[in-house]
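Just passing along the structure, written as structure tokens.
The chain is numbered in sequence order, starting from 1.
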Amino acid sequence: MAQAAPKRGPAKVIEVLDQAADGETRDWRSDDSGNSGSVTAVKSFSEGDLACRRIEIVNRAAQATRGSASSMMDMCQIDGSWKILRQRP
């Protein structure tokens, strides 16, 4: 079952879902925390009658001693808003 995208999630996620071309990456950075990351539009596809996008989110914590964390998910427009369809390995 699809879950709602977090309402307070990074604005860059919604920007990528709505505006970015496949393969395009948008970076973000929090001036308050120093955390940063990126959101990439991996591909657009249809799931039945739904318009969907696969995105990859990379997060880098300013206080982390090693690397970054990433996740890939499929999101679809359902009833006018983006919802998480599935998380990818």
Side-chain angles (χ1 to χ4, degrees):
M1 172 166 261
Q3 300 173 345
K7 290 186 180 194
R8 295 187 163 248
K12 288 295 176 185
V13 171
I14 300 302
E15 182 180 312
V16 164
L17 289 166
D18 286 341
Q19 301 171 12
D22 288 352
E24 189 174 339
T25 298
R26 306 267 174 103
D27 295 322
W28 63 271
R29 179 175 178 77
S30 169
D31 292 332
D32 294 332
S33 68
N35 297 339
S36 63
S38 61
V39 183
T40 302
V42 177
K43 74 174 192 171
S44 300
F45 63 97
S46 296
E47 182 89 17
D49 292 337
L50 301 175
C52 303
R53 312 262 343 239
R54 179 167 298 154
I55 60 171
E56 180 179 25
I57 300 172
V58 177
N59 293 304
R60 292 176 212 71
Q63 303 301 321
T65 57
R66 296 178 11 207
S68 59
S70 67
S71 60
M72 191 163 311
M73 61 188 71
D74 294 341
M75 299 187 72
C76 299
Q77 277 207 322
I78 301 172
D79 297 328
S81 62
W82 289 101
K83 304 207 189 295
I84 300 168
L85 183 65
R86 69 181 69 89
Q87 293 234 224
R88 314 262 334 155

For this session: Would you name the heavy atoms of W28 and V58 that are closest together and state the gap between them?
Result: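 W28 and V58 have their closest heavy atoms at NE1-O, 4.0 Å.
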For this session: Any chance you could measure I78, atom CD1, to D49, atom CG, to the nearest 0.5 Å?
Result: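 Answer for the CD1-CG pair, I78 versus D49, is 11.5 Å.
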Problem set entry | Heavy-atom pair of closest approach, residues R54 and D74 |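 Of all heavy-atom pairs spanning R54 and D74, the closest is NE-OD1, 2.6 Å.
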Problem set entry | Residue list, salt bridge (charged side-chain N to carboxylate O under 4.0 Å, His left out) with E24, at least two apart or on another chain |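 Per chain and number, E24 pairs via salt bridge (charged side-chain N to carboxylate O under 4.0 Å, His left out) with R26.
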For this session: Find out whether L50 and Q77 are in side-chain contact, i.e. whether some heavy atom of one side chain is under 4.5 Å from a heavy atom of the other.
Result: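 The answer is no, as the side chains (C-beta and beyond) never meet within the 4.5 Å cut-off.
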Problem set entry | Spacing of S68 atom OG and I57 atom CD1 [to the nearest 0.5 Å] |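 Between atom OG of S68 and atom CD1 of I57 there are 12.5 Å.
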Exercise. At what distance, to the nearest 0.5 angstrom, does CZ of R29 lie from CZ of R60?
Worked result: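 One gets 10.0 Å once the value is rounded to the nearest 0.5 Å.
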For this session: Please say whether the positively charged group of R53, taken as NZ for Lys or CZ for Arg, lies over the ring of F45, i.e. under 6.0 angstrom from the six-membered ring centre and within 45 degrees of the axis.
Result: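 Cation-pi check for R53 and F45: fails.
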Problem set entry | Ionic contact status for K43 with E56, cut-off 4.0 Å |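 Judged by the 4.0 Å cut-off on N to carboxylate O distance, E56 and K43 do not form a salt bridge.
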Exercise. In Å, rounded to the nearest 0.5 Å, how long is the span from CE of M72 to CD1 of I55?
Worked result: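 Rounded to the nearest 0.5 Å, the CE-CD1 separation comes to 9.5 Å.
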Exercise. If you round to the nearest 0.5 Å, how far is CD1 of I14 from NZ of K12?
Worked result: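 The CD1 atom of I14 is 12.5 Å from NZ of K12, to the nearest 0.5 Å.
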Exercise. Do L17 and M75 pass the side chain to side chain contact (heavy atoms under 4.5 Å, CB included) test, and can you show the C-alpha distance, the side-chain angles, and the key distance before you say yes or no?
Worked result: CA-CA 8 Å; L17 289 166; M75 299 187 72; 3.8 Å; yes
For this session: Consider only side-chain heavy atoms of I, L, V, M, F, W and Y, link residues closer than 4.5 Å, and tell whether W82 and V42 are in one cluster.
Result: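 Not linked; separate clusters.
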Donor-acceptor contacts, no H, no angles, side chain residues 34-41, under 3.5 Å, sequence neighbours left out:
| unit_1 | atom_1 | unit_2 | atom_2 | d |
| --- | --- | --- | --- | --- |
| N35 | OD1 | A62 | N | 2.8 |
| N35 | ND2 | S33 | OG | 3.3 |
| T40 | OG1 | T25 | OG1 | 2.7 |

For this session: Please lay out, stage by stage, how S71 and Q87 fare under the test side chain to side chain contact (heavy atoms under 4.5 Å, CB included).
Result: CA-CA 8 Å; S71 60; Q87 293 234 224; 4.0 Å; yes
For this session: Would you give the length of the straight line joining atom CZ of R86 to atom SG of C76, rounded to the nearest 0.5 angstrom?
Result: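 It is 7.0 Å, given to the nearest 0.5 Å.
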